[in-house]
Peer 1: 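Please see the structure below; I have some questions.
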Amino acid sequence: MGRVGAVSQSPDALQIVAVDFRNPRISADWLALLDHYARDPMGGGCALSDYARANLPRELAALPGFHGALAYEAEASVGLINCFAGFSTFAAKPLLNIHDIVTRADRRGQGVAQALLDWAAQRARDLACCKLTLEVLANNKRALASYERAGFAPYVLDPEAGHALFLQKILTESPT
């Protein structure tokens with residue numbers, strides 16, 4: 001795996017490689033895995049648009065707060081994690097948000113996500129972040145169980161107020 005620039009290796013032969021969009025192989029593997037996720041029902045069930053495929057690597061390479069990694073096994077890409085730097089106003093410290101985590105369908109339940117979550121936790125520590133955050137669909141039971149194993153819990157400030165919810169407001173039409 002030396003030719004893609006491995007940065008860490010887990011005991012089960014997974015290699016976790018930081019995303020470097022200047023590397024054509026890493027860029028292509030990253031895009032293929034993100035498209036795999038987009039086509040999954042938990043990723044929306046539709047392939048990435050031509051616009052996204054053409055622009056994502058360049059746009060993310062220029063974004064200083066992007067942190068991503070790929071998981072490789074036997075030279076095949078089997079998972080990815082995309083994270084973005086944020087900030088906790090209550091802690092007055094940076095945080096790292098996990099925006100996407102993908103494991104190839106045929107590799108789910110085999111530790112790929114846990115290795116990627118470990119990579120994200122270490123990256124957050126290296127950035128002096130106070131916490132990792134992520135969003136997950138309420139019915140994605142398999143992902144919820146994986147996140148719980150990794151130490152994630154629902155965000156609650158006051159039990160009387162309930163769990164935090166993730167909301168969105170679309171501001172522009174997505175280019176096609």
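The model shown is predicted, which means the values in this text are computed figures rather than measured ones.
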Peer 1: How close do Pro94 and Ala128 get, heavy atom to heavy atom, and via which atoms?
Peer 2: CG-O, 3.6 Å
Peer 1: Starting at CD of Gln122, measure out to CG of Leu96 and round the result to the nearest 0.5 Å.
Peer 2: 11.5 Å
Peer 1: Are Arg39 and Asp35 close enough that some pair of their side-chain heavy atoms sits under 4.5 Å apart?
Peer 2: yes
Peer 1: So, Glu135 side chain and His99 main chain: donor-acceptor pair closer than 3.5 Å or not?
Peer 2: no
Peer 1: Could you tell me whether a side-chain N or O of His36 sits under 3.5 Å from a main-chain N or O of Gly79, the two making a donor and an acceptor?
Peer 2: no
Peer 1: Strictly below 4.0 Å, N to O, side chains only: are Asp106 and Arg104 in salt-bridge contact?
Peer 2: no
Peer 1: Would Phe66 and Leu34 show up in the same hydrophobic cluster when neighbours are defined by side-chain heavy atoms closer than 4.5 Å?
Peer 2: yes
Peer 1: Provide the closest heavy-atom pair for Thr103 versus Ala113 in the form atom of the first, atom of the second, distance.
Peer 2: OG1-N, 3.7 Å
Peer 1: In the structure I gave you, are the side-chain heavy atoms of Leu157 and Phe90 within less than 4.5 Å of one another anywhere?
Peer 2: yes
Peer 1: Pick from Leu56, Val102, Asn23: which one makes a side-chain contact (heavy atoms from CB on, under 4.5 Å) with Trp30?
Peer 2: Leu56
Peer 1: Do Leu63 and Ile26 belong to the same hydrophobic cluster, where Ile, Leu, Val, Met, Phe, Trp and Tyr are linked whenever their side-chain heavy atoms lie under 4.5 Å apart, directly or via other members?
Peer 2: yes
Peer 1: Any side-chain heavy atom of Leu60 sitting closer than 4.5 Å to one from Phe84?
Peer 2: yes
Peer 1: I'd like to know whether Phe21 forms a side-chain contact (heavy atoms from CB on, under 4.5 Å) with Glu59, so could you lay out the CA-CA distance, the side-chain angles of the two residues, the decisive distance to 0.1 Å, and finally the verdict.
Peer 2: CA-CA 10 Å; Phe21 290 114; Glu59 292 293 324; over 6 Å; no
